[in-house]
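Read through the structure below, which is laid out as structure tokens, and then see the notes.
Letters go in sequence order (proteins before strands), and every chain restarts at 1.
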Amino acid sequence: MTTETFIINELKKFLEKNEISDISIILQKPKDKKFGDYAANIALQLARHLHKKPFDIAKDIFASITVDTRYISKVEIAGAGFINFFSSNDYLFQQLDLLIKQGEKFGYTESGKGKRAQIEFVSANPTGPLTIGHGRQAVLGDTIARLLEMIGYNVTREYYFNNAGRQMRILGDSIRFRYMELIGEKIYFPDDHYQGKYIIDIARSVLEKHGKDVDIEDTSFFAKIGEENIFDDIKKTVKRLGFFFDVFYNEKSLYETGKIDSVVKELGKKGLTKEEDGALWFITTKLGFEQDRVLIKSTGEPTYRLPDMAYHIEKVKRGFDLIIDIFGADHIATFPDVLAAVKALGYDTEKIKVLIHQFVTLTEKGEKVKMSTRKANFVTLDELMDEVGVDVTRFFFLMRHMNAHLNFDLALAKTQSDENPVFYIQYAHARICSISELAVEKGIEIKDDCDLTRLTMPEEINLIKYLINFPTLIEAAALNFEPHRLTNYLFETASLFHKFYTVCRVLTDDPTLSKARLSLINAVRIILANGLRILGISAPDHM
RNA sequence: GCGCCUGUAGCUCAAUUGGAUAGAGCGUUGGAUUCCGGUUCCAAAGGCUGGGGGUUCGAUUCCCUUCAGGCGUACCA
């Protein structure tokens with residue numbers, strides 16, 4: 001049992017005794033230490049209910065609580081009627097011991113055990129290298145997947161793509177024109193085609209591999225080679241970021257298996273489609289939307305919407321307990337009607353969570369840099385990693401709430417300075433490793449003779465309290481899909497460690513104290529390493 | 001016009017999902033090292049949480065309104 005469940009049980013007893021049922025007990029962790037380690041606002045909640053002053057209710061509750069020193073050391077009433085609980089040191093030491101024994105396993109929980117999650121992200125069509133915008137999404141998606149794995153989920157990382165249609169024709173033509181240019185033909189390169197240098201590189205590779213006799217009218221040949229090249233690069237970029245996709249889902253397969261047709265038919269049966277101006281429309285106005293949407297253009301080509309519906313139906317059918325879509329803010333309007341169709345056809349959309357992240361604003365020397373694949377004045381994800389490294393790239397993308405615009409100051413990111421929090425955290429890890437090595441040199445070894453009760457300084461106790469909260473934090477970050485909580489937590493952990501370090505010497509003349517402190521910093525190292533692992537960031541022994 | 005997101009210290013951002021005196025980093029100013037890694041630590045200054053109403057014991061958080069910025073508002077994806 002944890003202190004938290006102990007306190008909740010005590011409060012429940014009070015509620016049962018007074019036959020109160022419609023109140024949920026919420027324990028908070030006060031920011032200010034003088035308010036204890038856990039605070040209950042239950043008396044304030046009950047005030048209206050019982051028509052009594054909160055403070056008087058708090059007094060009644062206070063009287064009913066037994067102080068079990070295995071969990072708590074004291075209870076206080078404060079303010080208008082908060083009840084504050086203080087953890088006992090016995091409990092802290094026991095949890096610290098558990099942390100050290102579990103080591104790299106510490107932080108795993110089981111609330112998602114046996115459940116399967118699918119998370120779809122990046123899903124960029126193969127028309128160019130991944131940009132910084134994709135980078136934010138890639139890192140967010142992978143880290144959310146890692147967090148879900150921490151709480152027991154089995155996670156499928158999925159990439160959905162479309163290698164047909166207008167965009168691919170433009171890609172094919174872009175390469176074709178560059179190829180013609182290379183073999184000495186005079187060409188006009190249209191403004192709305194892909195301008196990037198990578199197109200010329202691909203054209204050159206076509207020339208090297210296939211010579212000068214390629215059919216220069218065959219757009220689809222060039223498109224196919226372009227797709228292969230670009231996908232190879234995308235996969236390399238993703239690998240470099242530190243993960244891989246389990247599934248690349250080709251939109252085309254939805255046509256081949258008849259799933260697209262079946263969506264059209266089913267929507268038709270429900271009376272949700274109509275033909276107008278040669279196109280087939282989805283009558284979204286029947287479902288409460290402002291305007292109807294085109295499903296199949298008058299040219300006979302479907303819009304993105306139709307395969308998206310079929311794809312999401314497939315996701316539900318595949319039996320996942322949790323389905324996550326990550327989109328950039330520019331796709332904000334594209335999913336409500338897709339989900340509405342899925343729902344209208346009788347599939348459970350409750351399991352689908354759509355996460356929207358805001359854009360990355362790239363600034364260089366105070367000037368905004370506009371990103372566009374078509375125009376090619378973008379900075380690619382690879383270029384960014386070349387400049388600042390994988391660790392900094394990942395951390396920067398994760399440290400902000402995804403709803404907030406991310407201001408990526410390229411100049412600042414390029415300077416690998418101490419302004420960067422990732423170095424601060426890694427430095428703490430390296431410093432601990434260094435101390436531990438020195439301890440070994442001095443012949444100080446911890447076996448089973450470590451007396452944690454020697455840890456009594458406020459800096460030590462604060463550190464322990466913060467460390468043992470790690471599993472709770474992971475759980476919250478995972479369930480809310482908020483990786484930035486973990487970056488903040490690790491920064492704070494490093495900070496508490498550095499504060500401890502300046503006040504408490506680890507290797508002293510007192511062998512039992514030294515061993516206790518060595519255990520403590522080992523616990524810090526475990527937390528930093530486990531946390532960084534979840535973020536996909538290295539935890540170096542030396543820097 | 002309408003929809004979604006955002007607005008918190010000079011700058012970049014937090015705030016335990018409605019809690020107690022709104023916190024960090026950078027920057028500014030001033031300090032700390034005979035000793036385990038100074039890429040560290042301590043302190044000071046800096047705020048009407050964009051403005052105005054409301055809901056209640058209590059609001060940065062929820063509701064209304066207004067202002068500012070971003071993204072959408074396609075027979076592009």
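Taking atom P in both B:U6 and B:A14, one finds a spacing of 10 Å when rounded to whole Å. Using C1' as the reference atom, B:C48 and B:G38 are 40 Å apart when rounded to the nearest Å. Atom name P, nucleotides B:U16 and B:U55: the rounded distance is 24 Å, in whole Å. Using atom P as the reference point in both B:U28 and B:G23, the two lie 24 Å apart (nearest Å). Look at the P atom in both B:G52 and B:U61: the space between them is 13 Å, to the nearest Å. Taking atom P on both B:G3 and B:U8, the two are 23 Å apart, rounded to the nearest angstrom. Taking atom C1' in both B:G70 and B:U33, one finds a spacing of 48 Å when rounded to whole Å. Taking atom P on both nucleotides, B:U49 is separated from B:G31 by 34 Å, rounded to a whole Å.
The interatomic distance linking A:L171 (CG) with B:C76 (C1') rounds to 15 Å, in whole Å. Atom-to-atom, CG of A:D541 to P of B:G37 comes out at 14 Å; the value is rounded to the nearest Å. B:U73 atom C1' lies 12 Å from atom CG of A:D337, rounded to whole Å. Protein atom CE of A:M402 is 17 Å distant from nucleotide atom C1' of B:C71, rounded to whole Å. For the pair A:R400 CZ and B:G25 P, the computed distance is 14 Å after rounding to whole Å. Separating the CZ atom of A:R293 from the P atom of B:A77 is a distance of 13 Å, rounded to the nearest angstrom. Rounded to whole angstrom, the span from the NZ atom of A:K274 across to the P atom of B:C75 amounts to 12 Å. Rounded to an integer number of Å, the gap from A:Q291 CD to B:C75 C1' is 13 Å.
At least one side-chain nitrogen or oxygen of A:R431 sits closer than 4.0 Å to the OP1 or OP2 atom of B:G38. Here A:H484 does not reach the OP1 or OP2 of B:U16: none of its side-chain N or O atoms lies under 4.0 Å away. For the pair A:T502 and B:C41, the criterion of a side-chain N or O lying under 4.0 Å from OP1 or OP2 is not met. At B:G38, one or more side-chain N or O atoms of A:Y501 fall inside 4.0 Å of OP1 or OP2 (strictly under the cut-off). For the OP1/OP2 pair of B:U16 and a distance below 4.0 Å, the side-chain nitrogens and oxygens of A:Y466 include no atom meeting the criterion.
Here the options are A:L535, A:N420, A:L532, A:D391, the test is side chain to side chain contact (heavy atoms under 4.5 Å, CB included), and the partner is A:I425; only A:L532 passes.
Checked for salt-bridge contact, A:E301 and A:R166 miss the test: no charged N lies under 4.0 Å from a carboxylate O.
Between A:F82 and A:F35, the ring center distance fails the sub-6.0 Å criterion.
For A:F6, the ring-ring contact (aromatic ring centres under 6.0 Å, His included) test picks out A:Y71, with sequence neighbours left out. Considering only residues two or more places apart in sequence or on other chains, A:E460 meets the side-chain hydrogen bond (donor to acceptor under 3.5 Å, both in side chains) condition with A:R517. Applying the side-chain hydrogen bond (donor to acceptor under 3.5 Å, both in side chains) criterion to A:S298, with sequence neighbours excluded, gives no partner residue. Applying the salt bridge (Lys or Arg N to Asp or Glu O under 4.0 Å) rule to A:K515 yields the partners A:D449; only residues at least two apart in sequence or on another chain are considered. For A:T493, the side-chain hydrogen bond (donor to acceptor under 3.5 Å, both in side chains) test picks out no residue, with sequence neighbours left out. Residues meeting the salt bridge (Lys or Arg N to Asp or Glu O under 4.0 Å) test with A:R305, sequence neighbours left out: A:D337.
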Distances for protein N or O near nucleotides 42-44 of chain B N or O, under 3.5 Å:
none

Anything under 3.5 Å between a protein N or O and an N or O of nucleotides 3-7 of chain B, put it in a table, one pair a line.
residue : atom : partner : partner atom : Å
B:C5    : O2'  : A:Q358  : NE2          : 3.2
B:C5    : O2'  : A:N403  : O            : 3.0

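Remark: A:F161 CZ to A:I230 CD1 distance equals 12.5 Å, nearest 0.5 Å.
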*What one-letter contact string describes nucleotides 17-24 of chain B from 5' to 3', where B marks a base within less than 4.0 Å of any protein heavy atom, S marks contact via sugar-phosphate atoms alone, and - marks no contact?*
B-BBB--S
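Where A:N488 and A:T299 each meet RNA chain B at their nearest nucleotide, the meeting point lying more 5' is that of A:N488.
Within the 4.0 angstrom heavy-atom criterion, base atoms lie near A:C504. Within 4.0 Å of A:L438, counting heavy atoms only, lie sugar-phosphate atoms of the nucleic acid but no base atom. As judged by a 4.0 angstrom heavy-atom cut-off over every strand, A:A333 is placed among residues touching the sugar-phosphate backbone only. Residue A:T472 is out of contact with every strand shown, counting any heavy-atom pair closer than 4.0 Å.
Among residues at least two apart or in separate chains, salt bridge (Lys or Arg N to Asp or Glu O under 4.0 Å) pairs with a member in residues 461-483 of chain A are A:D37-A:K465, A:E482-A:R485. Residue pairs meeting the salt bridge (Lys or Arg N to Asp or Glu O under 4.0 Å) criterion with at least one partner in residues 285-300 of chain A, sequence neighbours excluded, are A:K274-A:D292.
Looking at A:H312 and A:E120, their side chains never bring a donor and an acceptor atom within 3.5 Å of each other. Side-chain atoms of A:N41 and A:Q45 include a donor-acceptor pair closer than 3.5 Å.
Searching all strands for a Watson-Crick or G-U wobble partner of B:G3 with both distances below 3.5 Å returns B:C71. Base pairing of B:U61: no nucleotide in any strand meets the Watson-Crick or G-U wobble criterion (both distances under 3.5 Å). A 3.5 Å limit on both hydrogen-bonding distances identifies no Watson-Crick or G-U partner for B:U55. Nucleotide B:A44 forms a Watson-Crick or G-U wobble pair with B:U28, both donor-acceptor distances falling under 3.5 Å.
Base orientation for B:U17: syn, the chi torsion being within 90° of 0.
Here the nucleotide nearest the side chain of A:M543, chosen from B:A77, B:C76, B:U39, is B:U39. The listed nucleotides are B:C41, B:A77, B:C76; the one nearest the side chain of A:R166 is B:C76. Checked against B:C36, B:U39, B:U12, the side chain of A:Y427 finds its nearest nucleotide in B:U39.
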Indicate every side-chain donor-acceptor pair of residues 26-34 of chain A with a distance under 3.5 Å to a residue at least two apart or in another chain.
residue : atom : partner : partner atom : Å
A:K29   : NZ   : A:N469  : OD1          : 2.6
A:D32   : OD1  : A:K34   : N            : 3.2

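At a cut-off of 3.5 angstrom, counting only N and O atoms as typed in the model, there is a donor on one side and an acceptor on the other between the side-chain of A:S298 and the base of B:C75. The base of B:C35 is paired with the side chain of A:R505 by a donor and an acceptor separated by under 3.5 Å.
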